[in-house]
S.K.: 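Dropping the structure in here first, questions after.
Naming: A, B, ... by sequence-line order, numbering from 1 per chain.
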Number of protein chains: 2
Amino acid sequence: MAASNLVDDWAARLRKEGYRLTAPRRAVIRVLAETSTSLAPDQILRRARRYYPKTGLVTVYRTLDVLKGCGYVRKMHRLDGCHSYAPASAGHAHHIVCERCRAVMEFKGCDLDALIKSVRRRTGYLVKGHWLELSGLCPVCRKEA
Amino acid sequence: MAASNLVDDWAARLRKEGYRLTAPRRAVIRVLAETSTSLAPDQILRRARRYYPKTGLVTVYRTLDVLKGCGYVRKMHRLDGCHSYAPASAGHAHHIVCERCRAVMEFKGCDLDALIKSVRRRTGYLVKGHWLELSGLCPVCRKEA
DNA sequence: TTATTATTGAAAACAATTTTCAATAAGGAA
DNA sequence: TTCCTTATTGAAAATTGTTTTCAATAATAA
Ligand SMILES: [Mn+2]
Ligand SMILES: [Mn+2]
Ligand SMILES: [Zn+2]
Ligand SMILES: [Zn+2]
């Protein structure tokens with residue numbers, strides 16, 4: 001889906017959930033809909049202010065929480081300890097992030113069944129969830145590197 | 001390896017790397033060698049003070065950095081945003097953590113080859129690294145739950 | 001329009017981590 | 001042992017990331 005459509009789509013769905021559609025929320029949504037990389041809250045703030053200069057950092061955090069609750073964004077853990085957020089489509093998925101330019105891409109269909117079964121057998125743990133993030137080089141950086 | 005042996009082993013290896021063997025370092029090492037759960041820095045501090053009461057939080061952080069650099073502990077990301085540390089054996093491995101009692105267990109042999117190949121084909125990314133953490137119920141909690 | 005109340009942003013509070021720096025002590029040399 | 005060098009320590013202060021508070025604002029339904 002195109003970025004501009006994504007904005008409208010998310011906005012409409014937020015409305016349906018009972019949230020009010022405000023200027024700073026639109027700005028944050030637009031930033032996330034337009035990015036191809038995952039962004040930390042302060043980066044999101046800077047970009048959101050291009051669309052609505054009065055946007056506050058607190059609202060960025062609050063909007064991220066709302067969007068995360070609705071499943072539109074995914075919170076990612078970065079190696080440096082910071083957290084960043086990336087747009088996420090519906091359903092279970094993971095992200096791969098480019099080590100060089102930070103571009104992220106979502107992928108679905110993680111087949112961990114064999115791995116999980118093996119871990120279960122060897123550790124005795126009942127596996128209920130998993131956290132998986134891949135890193136590497138995006139197609140663009142692959143050529144340049 | 002038994003916990004007490006682990007302490008000596010890590011200590012000896014730190015010495016070999018040129019680090020001085022100090023009381024607070026011994027205390028932190030002992031805490032990590034003895035635990036079966038992953039621990040946050042402030043938890044490590046409290047336990048380390050049982051062995052060397054003057055231990056400071058700063059030194060806990062610094063020692064964790066040293067141990068992480070040597071590959072003796074692994075930094076884990078917790079769902080609540082905090083970070084915790086767990087003992088790690090040499091080589092590539094991952095951890096599974098119990099959702100109920102926080103007990104962690106390391107497992108080796110993560111076979112992600114098929115998954116990685118599939119992601120590479122679908123996203124165009126060259127996959128270079130992965131972050132994987134499993135969660136679930138440890139054998140003990142499994143029975144009680 | 002007006003009323004209701006969810007939402008906002010500034011400031012303060014909080015929490016995790018790092019930096020600074022003078023005092024201490026580990027380990028090699030004598 | 002004793003002495004020296006310098007890595008290491010811990011208290012305090014500084015930074016950074018995130019949350020709470022609260023009076024003012026503005027989105028929506030009536
Ligand atoms: Mn998955
Ligand atoms: Mn994290
Ligand atoms: Zn790239
Ligand atoms: Zn358990």
S.K.: Taking the nucleotide of DNA chain D with the closest heavy atom to each, which residue, A:Asp42 or B:Arg49, is nearer the 5' end?
M.R.: B:Arg49

S.K.: Just one of B:Thr59, B:Thr63, B:Leu57 clears the side chain to side chain contact (heavy atoms under 4.5 Å, CB included) bar with B:Tyr61, so which one?
M.R.: B:Leu57

S.K.: In whole angstrom, what separates B:Arg25's CZ from D:dA7's P?
M.R.: 11 Å

S.K.: Establish, yes or no, whether a centroid distance under 6.0 Å links the rings of A:His130 and B:His94.
M.R.: no

S.K.: Taking the inter-plane angle between the rings of A:His77 and A:His83 on a 0 to 90° scale, is it parallel (under 30°), tilted (30 to 60°) or perpendicular (over 60°)?
M.R.: perpendicular

S.K.: When you measure from the side chain of A:Arg62, which nucleotide among C:dG9, D:dT8, C:dG27 comes out closest?
M.R.: C:dG9

S.K.: Could you check B:Tyr61 against A:Thr59 and say which one's nearest nucleotide on DNA chain C is further toward the 5' end?
M.R.: A:Thr59

S.K.: On DNA chain C, compare the nucleotides closest to B:Ala23 and B:Leu57; which residue's is nearer the 5' end?
M.R.: B:Leu57

S.K.: Of the candidate nucleotides D:dA29, D:dT8, C:dA10, which contains the atom at the shortest distance from the side chain of A:Arg15?
M.R.: D:dA29

S.K.: Please determine, for the side chain of B:Thr22, which listed nucleotide (D:dG17, C:dA26, C:dT18) has the closest atom?
M.R.: C:dA26

S.K.: What I want to find out is whether B:Asp9 reaches B:Arg13 closely enough, with some N-O distance under 4.0 Å, to be called a salt bridge.
M.R.: yes

S.K.: Categorize A:Leu21 for me: base, sugar-phosphate, or nothing, with a 4.0 angstrom heavy-atom threshold over every strand shown.
M.R.: sugar-phosphate

S.K.: Does B:Arg20 put a side-chain nitrogen or oxygen below 4.0 Å from OP1 or OP2 of D:dT6?
M.R.: no

S.K.: Where the side chain of A:Tyr19 is defined as all heavy atoms beyond and including C-beta, which of C:dT7, C:dG27, D:dT19 is the nearest nucleotide?
M.R.: C:dT7

